[in-house]
Participant: 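Please find one structure pasted underneath; my questions will follow.
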Amino acid sequence: MNDRRCLALLVVIQLVVVAVVAPRGEFPLNDDWAYAHSVQWLLAEHRVRLSDWIAMNLLPQTLAGGLATAALGFSFETLRHITQCVAALASVAAFYWFRAVRLEPSQAMVASLALIAAPFWPVLANSYMTDLYGLVFALPAATLFLRALERPSRGALVAATIIASIGVLQRQVVIVVPFAFMVAWLWARRPRTVRAVAIGIVPFALSAAAEAGYHLYLALGPGVPLAQQYAHGRVLPLFLKALTNEDRHGEWVISNGFTMAGYLGLLLAGWAGWWGMRGASRAVRGAVLCAAIAIAAVALASGALPPYRTNQVMDAAGIGPFTLYDGVPRDIARLDRSPGVAWRVAGVAAAFGTAALLAMLLATGAHLVQSGRNAAPGRVFMAALLVAYLGPFVVTDYIDRYLLFALPFVFALWAEAWPASSRDPAPALPQRAIALAWIVVLLGVSAVATRDYFSWNRARWNAIRAAERLGATAETLDGGFEYNGLRRYEQQPRVQVPGKSWWWVRDDRYVVAFSSLPGYDEIETWRVEHWLSRSPAEVKLLRRR
């Protein structure tokens with residue numbers, strides 16, 4: 001396998017995923033109604049303005065959406081097509097990132113496949129969500145910074161700084177890439193002359209300046225979104241609360257870190273199994289195996305793994321969130337979230353992946369301590385990046401899809417922790433076959449679950465349009481989070497009425513739901529074409545008696 005064949009195969013795989021998902025339908029998904037508002041305002045007002053629901057900067061994404069919809073007309077399907085192209089670019093950027101950390105083409109291909117097999121990828125790649133837009137800037141910047149660390153190059157540094165600065169204007173978290181470069185550069189450079197220190201600091205400073213300039217534009221112009229003010233303003237206070245354990249926040253942070261490790265373990269399991277633990281002693285391998293068995297036993301007994309959380313993308317009932325009246329958070333529909341055989345298998349995989357993750361962190365920490373300033377710059381770079389990215393989320397909480405950003409660096413750090421060598425052969429064929437089968441199955445299930453997610457959303461919007469034909473409006477219809485967010489959040493006062501759904505429902509005379517509700521008559525029912533048994537089988541339009 002050479003680079004071209006691997007890249008062609010990656011693109012083909014994603015086209016197959018798109019075909020399976022069948023992302024048809026003129027409607028928003030999850031939060032992307034708020035991002036679409038910025039595109040509409042750009043077309044109408046000829047300026048960048050952000051919804052108060054948005055915490056991200058969103059500048060490149062808004063400009064791309066504006067260009068496409070100006071040419072083709074506004075639609076959510078057009079915005080999805082842009083994201084599908086961005087997803088293909090992100091997978092290519094991931095491949096070259098893995099090549100930059102000295103993986104062979106076939107190895108980089110498997111790592112990239114493990115990335116797109118994450119349950120978040122198929123739905124993020126077929127919506128107008130922001131995550132892959134951030135990744136498509138972060139990965140090339142990281143690749144160039146890594147090359148500059150290993151072979152200093154002015155051109156690579158300039159290009160990396162420009163890409164990172166643009167990435168910060170998409171998602172603020174991209175700033176962890178130049179920050180990690182600064183840490184790794186200053187860690188490894190000797191002597192620390194003024195010029196050497198300046199080279200390390202300037203990329204981070206310019207990226208921070210780009211963020212500050214954009215924030216100033218928002219503050220002096222259309223206004224800083226409320227969500228952005230909230231997100232920026234809570235980090236330091238919650239860090240202080242964690243340090244002092246005020247309101248037992250420190251204990252909560254520890255439990256939050258454990259759930260994050262569980263998610264990362266589930267997503268790392270396939271790649272870790274395929275790559276193996278090259279060079280590790282029998283004692284280390286035995287310790288990891290024992291830890292994995294212990295975690296799996298505890299997890300299966302308590303139901304703690306896989307660590308899905310309510311109102312997230314990866315739900316025990318499938319791809320979500322299930323944001324209808326009787327879905328999240330009321331759970332009146334009683335979607336099947338029982339452990340089940342498949343989830344128990346996933347729990348065992350997550351347990352082994354979590355043990356592997358802990359081993360990787362210990363191995364990396366030991367390398368940094370023992371080697372000191374002689375530590376490999378690449379490992380310092382990746383460790384600093386992951387700490388800078390994940391640390392604030394451990395303290396402030398996170399949404400599961402946020403972890404997708406960390407995965408390419410977790411995978412690369414795993415390969416760095418157990419590097420290939422001629423003295424330690426690759427894992428045996430059966431182990432690699434099992435690991436690769438796990439990655440392929442995970443990708444297939446994720447794509448099918450995303451297909452079901454689109455299916456019930458199409459039924460939901462059929463019900464909404466039927467309600468509107470009966471005279472329902474955004475004032476009298478609870479059509480779920482996406483509908484009421486799209487139609488009411490920017491147009492009406494954001495009042496949460498007691499007893500109504502939190503997504504700004506004023507009057508729920510009409511309700512779109514998965515099940516029948518007391519006090520409501522069924523007007524019409526739409527059968528949902530679903531492939532997974534746990535996905536919703538029908539969507540109903542109800543009217544209050």
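Treat the numbers as computed from the prediction; the structure is a model and nothing was measured. Residue indices begin at 1 and follow the sequence shown.
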Participant: Taking the side chain from Tyr128 and the backbone from Pro28, do they hold a donor-acceptor pair closer than 3.5 Å?
Facilitator: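 Side chain of Tyr128 to backbone of Pro28, a donor-acceptor pair under 3.5 Å: no, none is there.
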Participant: Has the side chain of Asn57 got a donor or acceptor atom that lies under 3.5 Å from a matching backbone atom of Leu59?
Facilitator: no
Participant: Would a distance-only check, ignoring hydrogens and angles, find a side-chain to backbone donor-acceptor pair under 3.5 Å from Thr259 to Asn256?
Facilitator: yes
Participant: Ignoring hydrogens, what is the shortest heavy-atom contact between Ala34 and Ile54? Give both atom names and the distance.
Facilitator: O-CD1, 3.5 Å
Participant: Is a side-chain donor or acceptor of Arg432 paired with a backbone partner of Trp275 at a separation under 3.5 angstrom?
Facilitator: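 No, Arg432 side chain to Trp275 backbone: no donor-acceptor pair under 3.5 Å.
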Participant: Do side-chain atoms of Arg285 reach the backbone of Ala280 as a donor and acceptor pair under 3.5 angstrom?
Facilitator: yes
Participant: Quick one: does any side-chain atom of Gln84 pair with a main-chain N or O of Asn126 as donor and acceptor, under 3.5 Å?
Facilitator: no
Participant: Give the C-alpha distance, both sets of side-chain angles, the deciding distance and a yes or no for side chain to side chain contact (heavy atoms under 4.5 Å, CB included) between Leu139 and Val136.
Facilitator: CA-CA 6 Å; Leu139 285 170; Val136 84; over 6 Å; no
Participant: Under a 3.5 Å distance rule, please check whether Asp336 uses its side chain to pair with a backbone N or O of Ser338 as donor and acceptor.
Facilitator: yes
Participant: Taking Arg527 first and then Glu538, would you say they form a salt bridge - that is, a charged N and a carboxylate O separated by under 4.0 Å?
Facilitator: yes
Participant: Is there a donor-acceptor contact under 3.5 Å from the side chain of His530 to the main chain of Trp456?
Facilitator: no
Participant: Check whether the side chains of Thr62 and Tyr35 place a donor and an acceptor atom closer than 3.5 Å, and report yes or no.
Facilitator: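 The criterion, which ignores hydrogens and geometry beyond distance, is not satisfied for Tyr35 and Thr62.
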Participant: Side chains of Pro536 and Leu335, heavy atoms from C-beta outward: is any pair under 4.5 Å?
Facilitator: yes
Participant: Gln14 and Trp121: side-chain donor and acceptor closer than 3.5 Å?
Facilitator: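 Yes, Trp121 and Gln14 have a side-chain donor paired with an acceptor closer than 3.5 Å.
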Participant: Considering the options Phe181, Phe204, Phe179, Phe409, which one meets the ring pair (Phe, Tyr, Trp, His ring centres under 6.0 Å) requirement together with Phe145?
Facilitator: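 Exactly one candidate clears the test, Phe181.
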Participant: I want to check something: taking the side chain as every heavy atom from C-beta on, are Val380 and Pro377 in contact at a cut-off of under 4.5 Å?
Facilitator: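 Sidechains of Pro377 and Val380: no contact.
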Participant: Got a salt bridge between Glu482 and Arg460, using NZ or NE/NH1/NH2 to carboxylate O under 4.0 Å?
Facilitator: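 Counted as a salt bridge, because a side-chain N and a carboxylate O are separated by less than 4.0 Å.
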Participant: Would you please say whether a donor-acceptor pair under 3.5 Å links the side chains of Thr130 and Gln61?
Facilitator: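 No, because no side-chain N or O of Thr130 sits under 3.5 Å from a partner of the opposite role on Gln61.
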Participant: Checking Ser446 against Leu442 for the side chain to side chain contact (heavy atoms under 4.5 Å, CB included) test, could you report, in this order, the C-alpha distance in whole Å, the side-chain angles of both residues, the deciding distance, and whether it holds?
Facilitator: CA-CA 6 Å; Ser446 301; Leu442 185 61; 4.3 Å; yes
Participant: Taking all heavy atoms of Phe411 and all of Ala114, pick out the closest pair and write down the distance.
Facilitator: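 Distance-wise, the nearest heavy atoms are CE1-CB, 3.7 Å.
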Participant: Counting distance only, does the side-chain N/O of Trp187 pair as donor-acceptor with the main-chain N or O of Asn374 below 3.5 Å?
Facilitator: no
Participant: Please report whether the ring centroid of Phe393 lies less than 6.0 Å from that of Tyr402.
Facilitator: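 Tyr402 vs Phe393: aromatic centres under 6.0 Å.
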Participant: If you take all heavy atoms of Leu79 and Tyr133, which pair is closest and at what distance?
Facilitator: O-OH, 4.1 Å
Participant: Can a salt bridge be assigned to the pair Arg102 and Glu150 using a cut-off of 4.0 Å between side-chain N and carboxylate O?
Facilitator: yes
Participant: Salt bridge between Arg337 and Asp331, side-chain N to carboxylate O under 4.0 Å?
Facilitator: yes
Participant: Between Val21 and Ala447, which heavy-atom pair has the shortest distance, and what is it?
Facilitator: CG2-O, 3.6 Å
Participant: Determine whether a donor-acceptor pair (N or O, by modelled atom type, separation under 3.5 Å) exists between the side chain of Trp531 and the backbone of Val448.
Facilitator: no
Participant: Among Leu29, Asp32, Val313, Thr83, which residue satisfies the side-chain contact (heavy atoms from CB on, under 4.5 Å) criterion with Met129?
Facilitator: Asp32
Participant: Give me the atom names and distance for the closest heavy-atom approach of Trp343 to Met314.
Facilitator: CH2-CG, 4.4 Å
Participant: Is the Trp33 to Phe76 ring centre distance short of 6.0 Å?
Facilitator: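 No, the ring of Trp33 stays outside the 6.0 Å limit from the ring of Phe76, centre to centre.
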Participant: How about Arg5: does its CZ atom have over 12 heavy atoms from other parts shown lying under 6.0 Å from it?
Facilitator: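 Open.
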Participant: Which one of Leu132, Asp131, Asp400 satisfies the side-chain contact (heavy atoms from CB on, under 4.5 Å) criterion with Phe120?
Facilitator: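 Option passing the side-chain contact (heavy atoms from CB on, under 4.5 Å) with Phe120: Asp400.
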Participant: Just say parallel, tilted or perpendicular for the rings of Phe514 and Phe322, cut-offs at 30° and 60°.
Facilitator: perpendicular
Participant: Give the minimum heavy-atom separation between Ala292 and Phe352, together with the two atoms involved.
Facilitator: CB-CD2, 3.4 Å
